[in-house]
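A note on names: the letters A, B, ... follow the listed sequences, proteins ahead of strands, and every chain is numbered from 1.
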Amino acid sequence: MANVVGTPLKRKEDPRLLTGNGRFSDDIQLPGMLHAAILRSPHAHAHIKKINAEAALKLPQVVAVYTGKDLEGKIGPIPSSWLVPDCNLKEAPQYPLAIDRVRYVGDGVALVIAEDRYAVRDALDLIDVEYEALPAAVRQKEAMQEGAPLVHDDIEHNIALHWKAGEIADEVLESAEVVVRESFYVQRVFPSPIETRAAIGEYNPGSGELTLWCTSQNPHIHRMVLSGVLGISEAKLRVIAPDMGGGFGGKIGVYPDEALIGYAARDLGRPVKWIEQRSEHFTASNAGRDEVIDVELYGQRDGALTAIRVKNTANLGAYLSTMGPGVATIDFGLMITGAYDIPHASCETFGVYTNTTPTDAYRGAGKPEATYQIERIIDLYAREIGMDPVELRRKNFAPKEAFPYTNAQGLIYDSGDYEKPLQKALEIVNYEQLRQEQEEMRKQGKLIGVGISTYVELCGFGPSKVAGAIGFQGGVWENSTVRVHPSGKVTVYSGTSPHGQGHATTFGQIVADKLGIPMDDIELVFSDTRAISMSWGTYGSRSTPVGGAAVAIAADRVVEKAKKIAAHELEAAADDIIFESGIFQVKGVPGQQRTFQEIAKAANMAWNLPEGMEPSLEAQSFFDPENFVYPFGTHIVVVEVDKETGEIQMKRYVCVDDVGRVINPLTAEGQVHGGIAQGVGQALWEGAVYSSEGQLLSGTLMDYTLPKARFFPPIESSFTETPSPVNPLGAKGVGETGTTASIPAVMNAVMDALKPYGVKDIDMPLTPEKVWRVIQEGEGN
Amino acid sequence: MNIEYSYSFKGVSRELLWKTLQNKEVLQRALPGCQSFEEAGENVFNAELGLNIGPIKGRFTGVVRQVDMQEPEAYRLLLEGKGKPGEIDADAKMSLEESDEGTLLTCCAEVKVTGILASMGQRVMGGVAKVILGQFFKDIQKETKEIAKL
Amino acid sequence: MAIENRKVTVTVNGQERSAEVEPRKLLVHYLRDDLGLTGTHIGCDTSQCGACTIMVNGAAVKSCTMLAVQADKSELTTVEGLGTIDHLHPMQQSFWEEHGLQCGYCTPGVMMAMIGLLQENPNPSEEEIREGMEGVICRCTGYQFIVSAVQKAAKIMAEAAAKDGEAVAASQLVGEGTHRG
C-alpha cells in the first residue's frame with residue numbers, strides 16, 4: 001500500500017458536511033428544550049439602578065429571568081487561564097452576569113429563558129433596566145492617564161499588567177549609527193467565524209450529570225474551568241463540541257454565557273439552548289489584537305541590526321479573557337526579533353483595562369503583531385539606509401547553520417532555513433524584473449508597490465513545564481488512543497478539537513501509513529470529554545505538531561504490540577518481524593506472514609497471546625513536546641494603488657511557507673489561503689470602530705467588512721520542507737502562518753507604492769479614504 | 001455625533017416663530033410620531049415618540065427640557081429618550097436669526113446614542129435626523145399660520 | 001402573540017411538507033425548526049453572509065430574507081435535496097475534490113448561490129465567479145478553492161449537458177438524487 005502522508009487526499013469529513021449532514025450546535029433539538037437569550041448592556045460603563053422583568057415574566061411562554069443579583073453566590077466568577085507571572089497581574093472578577101455595574105457594551109445583564117426562540121426575544125425587549133451612565137475608558141493609552149475613568153475601582157490607571165522581557169545596555173543603543181522609530185497600531189478585529197457561539201445544556205437530576213454542548217475549541221478546558229465555576233465534579237460534567245463553523249481563536253475562551261446555560265439547565269431541569277446572534281457576537285465575543293506598538297530598531301549604516309526596543313500597549317477590554325494576558329506579553333514579546341539575528345532586544349508591555357469587550361487570542365495571537373512590527377520596521381530601516389528590503393533581510397537572517405537558534409529573548413527556534421523560501425518566492429515573482437517594472441510604472445505615474453514579509457512564528461507550545469513557568473493554567477501536551485477492533489478497523493481518539501482544519505483526514509493519513517490500512521478503515525473521534533482523556537484542544541497551531549504526534553506515537557505502540565503477537569504466532573523473535581504495508585513478515589522468510597487484520601483478531605480474541613501479554617490491541621500516548629515549533633516563510637505581495645480613488649488592488653500574492661513536513665498538501669494549502677484572507681482582511685478592510693463613549697459602531701456585518709471573494713487575486717502558494725526535530729512527524733503548525741505573514745506583506749506593499757509621497761505608516765485598515773488623503777496631501781492638494 | 005441643520009422660515013417673523021415653537025399643542029402635532037406630549041413642569045415635557053431610524057424602528061419615551069431661554073433668539077432643547085433600540089441623549093442649541101426672507105432657524109445638536117441605535121443606526125443617523133427635522137420644520141411653518149391667527 | 005398561526009405548505013426537495021407557523025417566522029427557521037432540514041445554516045442577522053441561501057422556485061434566495069408565509073406553495077430545494085453521499089451533485093463533488101470547504105458551515109449556502117450563478121451563466125470566468133459570490137461570505141478558505149470547485153462543477157455540468165445531446169439547464173440538475181425529508 002502506497003504511503004498517504006504527503007499526498008493531497010480528499011477530506012474524510014466532507015461528504016457529511018456537503019450533504020447537510022453536519023451536526024452543528026443549533027441543529028441539536030432535545031425534548032422539552034427551552035431557548036435562552038441574554039440581555040446585554042447598551043452602555044459602555046454604567047451603574048445598574050434597577051431591573052424590572054415583570055412585563056417579560058408575564059408573557060405566557062417565558063419561563064425564567066435571571067439577573068446578576070439572582071446568581072450572586074451561586075456561580076463563581078469566570079477566571080482567566082493565563083496568569084502571566086512577574087507582571088503585577090491584576091485580575092478583576094468577571095461574574096457571569098453584571099451585578100451592579102456594566103463595564104462594556106455587550107456585558108450580560110439578564111438571562112431570559114422561554115419556550116420558543118422568538119418568544120425569548122420578545123421577552124428581552126420587555127425587560128426594563130435603569131442605568132446611570134458613567135464616563136468610559138475606551139482607548140488604552142488614554143485609559144492609562146491620570147484621571148481617566150476607572151474600569152475597576154481598585155485597579156489604578158486601569159493597568160492590568162506591566163510585563164518586561166530583555167534588557168539592552170545603553171552602550172549598545174548609543175553605538176548605533178541608525179535608529180528608526182515608528183508607532184504602529186494593530187487594530188482591534190473580530191475573529192468572525194460564520195457560525196456564532198452557542199451552548200446547549202442538559203441536566204439529568206437522577207445522575208446529577210450535566211451535559212454541555214458548546215462551541216469550544218477546547219472542550220476539556222471548558223470542562224475544567226466550568227466545573228469550578230458551576231461547582232460540579234468534572235466527572236459529572238460532560239462537554240461536547242459539536243461540528244463548529246470555524247473558531248479562529250474566538251471559541252477558545254470560556255465565556256460567561258456557557259456557564260449561564262449550564263446553570264439554567266440544571267436549575268430548571270430542562271434542556272436550554274442559546275444561540276448567539278451575529279450582532280450580539282460583535283460585542284459579546286472576544287475580539288483580537290488592539291495593540292499600540294512603539295518600536296525602535298537600532299543598527300549600522302551597512303545594514304547590520306544591533307538592537308530592537310519595543311513597547312506594546314494592549315487593550316485587554318473590561319476583563320481578562322481566557323488567554324488574553326498571554327497574547328501581548330509571552331506570544332508577542334519573545335518574538336519581536338522575528339527571523340533576524342538581532343543580538344539585543346527588549347520588550348515592555350502594558351495590558352490595559354478599558355470599557356470594551358475583552359480581547360483574546362485571534363489567529364496567530366501575538367505573533368502577527370510581533371511579525372507586523374518587525375517586518376514593517378525593517379522595511380523602514382531599509383528605506384532609511386537606502387538598501388533593498390530583501391538585501392537587508394538576507395543580511396540579518398538567523399543563519400541556517402545556527403539552528404537550533406536562540407533568539408535575543410531566549411527562545412530556541414527548532415529548525416530553519418530562511419533563505420530557501422525567500423529564494424523560491426523571489427524566483428516565482430521574478431523580483432529583479434518586478435522592481436524594474438515598478439520603476440517604469442512610477443515614471444508613468446502609476447503607484448505599484450512590492451511588499452515582502454519573511455516571517456517566523458512560534459506554535460505548538462511545549463513542554464508543559466514551560467507552560468507552567470509562563471503562567472498558563474494548563475498543560476500543553478496532547479493525547480491519543482488508537483483502538484483496533486477485532487475486524488482490524490480502527491478508531492482513533494484525539495484530544496485536539498477540529499472545526500474546519502480537517503484533522504480526521506490528516507490524522508487518518510498518519511494512522512493509515514503507520515498501520516498499513518486504508519483510510520476508510522479509520523474513524524476519528526474528537527471533542528467529547530466523555531470519550532477522550534484529558535487534553536488541551538485546538539489553538540496556537542498545535543494540532544498537527546502536538547496532537548498529530550500523539551496519534552503517531554499511539555499508532556507506533558499498536559504496531560509494537562502487534563509485532564510481538566505476530567512473532568508469537570509465526571514462532572519468530574519480535575526483532576525479526578518486519579511490518580510493511582499492513583503485513584507482518586519474518587525477515588528473510590517470505591510467505592511466513594500475518595496481516596494486520598489477522599493480528600487484530602488474534603489480539604482481541606486473546607486465544608493465543610504471548611505469555612503475560614494483556615489482551616486486545618489498543619494504545620494510548622500522552623505527548624509532551626520538548627519545544628515549540630517555528631514555521632517560517634516568505635510572502636510577497638504586489639499592489640497597485642489608484643491615485644484617483646485610493647483603492648488598492650492586489651495584483652499578485654505569492655507565498656512560500658515552510659511548515660516542516662506537510663501531511664496533506666491540499667489541506668495545508670487551504671489553511672494558508674484562509675490565513676492569508678484573514679491577514680489581508682486586517683490590513684485592508686476589517687477594524688472595530690468605537691465611539692469615544694465606548695459604543696461599538698461597527699457592530700453588524702453591514703458595518704464590519706469581512707473579505708469577499710472578489711477582493712483577492714489567485715494566491716500562488718507553495719511550500720519548502722524543513723522538518724522539525726521536536727516531534728516524530730517533523731511537522732510544524734500551518735494554521736496561523738498565513739495571517740502572521742500577510743498583514744505586514746500587504747502593508748509593506750502599499751507603503752512601497754506610496755513611497756513617492758514619503759509616507760511611512762498609515763493605520764490599518766487601509767481604506768481608500770485614508771489612502772486617498774495621503775495621496776492628496778502628497779500631491780499638495 | 002454632531003448634527004447641524006438650518007431651515008429658512010419664509011415670511012415668518014422671529015417673534016411668531018418663537019411663539020409657534022413654544023406652543024405645546026403645536027409641538028405635539030408637529031413632532032414626528034408623537035404619541036403623547038405632557039407638561040411635567042415649567043418647560044419640561046414628558047414625551048412619547050415613534051421613530052424610524054434607518055433599519056431601526058422603535059418607540060421612545062423621554063423627557064424634553066427647554067433651558068437657557070433667550071426670547072426670541074435662542075434656547076437649548078435637551079432630550080433624554082429611552083427605547084428598546086437604545087437610549088438617546090441630545091443637547092440642541094436652537095437659534096433664530098432674522099433674515100431677508102423671514103427667519104433662519106439653526107439647530108446644532110450633540111447627540112449620544114447607545115445600543116442598536118449606535119451600532120446600526122449611527123451610520124444613517126445624520127441623514128435620518130435631517131429628514132425628521134425637515135419634516136418637523138415644514139410642519140412648524142404650516143403651524144405658524146394658525147398661530148398668527150391667534 | 002395575538003396573531004394566529006398560519007399553515008405553510010411547501011414542496012421541498014420534491015416532497016410536500018407543511019407546518020403551522022407564526023406569520024413572523026423566517027423561512028430559514030421554518031426549514032430548520034419545523035421541517036428539520038438543518039443543512040441550511042444561519043450566520044448573521046442582517047442578510048449579509050448568505051449561509052442560508054436555498055432555491056425558491058428555481059432561484060437562489062437567502063432564506064432569512066423571506067417569511068415562511070411568503071414561501072407558501074413554493075418549490076424549495078435545500079442542500080439535502082442536491083445529492084446524496086453516494087451520488088453527490090456535481091457542485092458537491094467538485095467542492096470535495098477541490099477542497100472548497102473547511103468548516104462546512106457556509107458551504108450549503110455557497111453551493112446554492114453558485115448553482116444559481118451557473119443557471120444564469122453556465123461558463124463563468126474566474127472573475128465572474130468571484131463577483132457571483134458577492135452575496136456569500138466564507139471565513140475559512142480565502143475563496144480560492146471555492147473558485148476552483150465552481151469552475152470544475154461548471155465543466156462537469158456542461159459535459160453532462162452535452163452528453164445528453166441537449167442543453168440541460170443547471171436547474172434541472174438541482175434536485176437530482178434521492179430526496180430526504
Side-chain angles (χ1 to χ4, degrees), chain A residues 8 10-11 13-24 26-27 29 117-119 122 191-196 243-248 275 277-280 499-502 666-667 669-678 680 700-702 706-712 714-715 717 738, chain C residues 1 22 24-25 29 32-33 36-49 51 78-85 88-89 91-93 95-99 101-108 111 126-127 129-134 136-147 180:
Chain A
K10 293 199 299 268
R11 299 201 316 171
E13 39 279 88
D14 288 355
R16 182 169 61 81
L17 296 168
L18 284 164
T19 50
N21 287 296
R23 198 181 193 223
F24 296 89
D26 200 12
D27 303 344
Q29 296 273 21
R117 75 163 91 227
Y118 282 62
D122 290 337
S192 306
I194 300 301
E195 183 209 28
T196 55
D243 279 331
M244 263 168 43
F248 316 118
I275 304 294
Q277 307 290 298
R278 172 61 57 186
S279 44
E280 181 183 17
H499 38 280
Q501 297 86 343
L666 190 62
T667 59
E669 194 175 343
Q671 286 294 311
V672 171
H673 290 174
I676 289 170
Q678 289 183 7
V680 178
T700 74
L701 277 184
M702 287 190 287
L706 289 181
K708 297 219 170 151
R710 67 177 166 83
F711 296 5
F712 297 98
I715 295 164
S717 162
Chain C
M1 296 277 108
E22 280 189 66
R24 63 174 171 169
K25 183 170 270 191
H29 283 136
R32 292 179 48 82
D33 293 353
L37 294 166
T38 54
T40 302
H41 301 142
I42 302 171
C44 74
D45 47 11
T46 50
S47 300
Q48 253 79 37
C49 81
T78 67
V79 68
E80 290 92 341
L82 274 189
T84 62
I85 295 264
L88 293 175
H89 182 278
M91 190 62 76
Q92 292 169 313
Q93 185 68 34
F95 264 67
W96 190 18
E97 286 169 7
E98 296 298 313
H99 189 30
L101 69 156
Q102 289 182 26
C103 77
Y105 194 79
C106 73
T107 311
M111 289 195 299
E126 166 165 359
E127 204 183 331
I129 294 169
R130 287 183 184 268
E131 293 283 343
M133 266 193 270
E134 188 58 23
V136 295
I137 300 173
C138 168
R139 188 61 160 165
C140 291
T141 62
Y143 301 103
Q144 184 151 328
F145 286 159
I146 297 182
V147 173
R180 200 185 86 163

* Intermediate values then yes/no, side-chain contact (heavy atoms from CB on, under 4.5 Å), C:Tyr143 and A:His673 -> CA-CA 8 Å; C:Tyr143 301 103; A:His673 290 174; over 6 Å; no

* Asked: SG of C:Cys140 to NE2 of A:His499: how many Å apart, nearest 0.5 Å?
  -> 8.5 Å

* Residue part contacting chain C, namely of A:Thr700, when any heavy atom lies under 4.5 Å -> side chain

* **A:Asp243, part contacting chain C, at a heavy-atom distance under 4.5 Å** => neither

* Structure fact -> Nearest heavy-atom approach of A:Ala677 to C:Gly142 is CB-CA, 3.6 Å

* **Part of C:Ile137 lying under 4.5 Å from any heavy atom of chain A** => both

* Asked: What heavy-atom pair brings C:Val79 and A:Gly20 nearest, and what distance separates the two atoms?
  -> CG1-CA, 3.7 Å

* **Euclidean distance, A:Lys10 NZ relative to C:Gln93 CD, rounded to 0.5 Å** => 6.0 Å

* Could you go step by step and tell me if A:Leu18 and C:Leu101 meet the side-chain contact (heavy atoms from CB on, under 4.5 Å) rule? -> CA-CA 9 Å; A:Leu18 284 164; C:Leu101 69 156; 4.0 Å; yes

* Sort A:Ser717 into side chain, backbone, both or neither according to what part of it lies under 4.5 angstrom from a heavy atom of chain C. => neither

* Select one option (side chain, backbone, both, neither) describing which atoms of A:Gln501 are under 4.5 Å from chain C's heavy atoms. => neither

* Taking atom CG of A:Leu17 and atom CD of C:Gln92, what is their separation to the nearest 0.5 Å? -> 11.5 Å

* To do: Provide the closest heavy-atom pair for A:Phe248 versus C:Arg139 in the form atom of the first, atom of the second, distance.
  => CE1-CG, 3.3 Å

* Go through the side-chain N and O atoms of C:His29 and A:Tyr118 and say whether any donor and acceptor fall under 3.5 Å apart. => yes

* To do: Specify the closest pair of heavy atoms between C:Asp45 and A:Gln277, including all atoms of both residues, with the distance to one decimal.
  => OD2-CB, 3.7 Å

* Structure fact -> If one checks every heavy atom of A:Gln29 against chain C at 4.5 Å, the contacting part turns out to be side chain

* Test log, rule side-chain contact (heavy atoms from CB on, under 4.5 Å), inputs C:Cys138 and A:Ile194 -> CA-CA 7 Å; C:Cys138 168; A:Ile194 300 301; 6.0 Å; no

* **Where C:Gly43 and A:Thr196 come nearest, the two heavy atoms and their spacing** => O-CG2, 4.5 Å

* Structure fact -> Here the gap from C:Glu97 atom CD to A:Leu666 atom CG, rounded to the nearest 0.5 Å, amounts to 10.5 Å

* Structure fact -> One should read off an interatomic distance between C:Arg32 CZ and A:Arg117 CZ, to the nearest 0.5 angstrom, of 6.5 Å

* **Portion of A:Phe712 that has a non-hydrogen atom of chain C nearer than 4.5 angstrom** => both

* Go through the steps for A:Arg278 and C:Thr46 under the test side-chain contact (heavy atoms from CB on, under 4.5 Å), then give the verdict. => CA-CA 8 Å; A:Arg278 172 61 57 186; C:Thr46 50; 5.6 Å; no

* **Atom group of C:Thr107 that falls short of 4.5 Å from chain A, counting heavy atoms** => side chain

* Who among A:Gly674, A:Gly500, A:Ala709 has the most heavy-atom pairs with chain C under 4.5 Å? -> A:Ala709

* To do: Heavy atoms only: give me the nearest A:Gly246-C:Cys103 pair and the separation to one decimal.
  => N-CB, 3.4 Å

* **Part of A:Gln671 within contact of chain C (heavy atom distance under 4.5 Å)** => both

* Approximate separation, where rounding is to 0.5 Å, of A:Met702 CE and C:Ser47 OG -> 9.0 Å

* Asked: Got more than 12 heavy atoms from elsewhere within 6.0 Å of CD, C:Glu127?
  -> no

* Asked: Taking A:Val672, A:Ile275, A:Leu701 one by one, which has the highest count of heavy-atom pairs under 4.5 Å against chain C?
  -> A:Leu701

* **Under 4.5 Å from any heavy atom of chain C - which part of A:Pro8** => neither

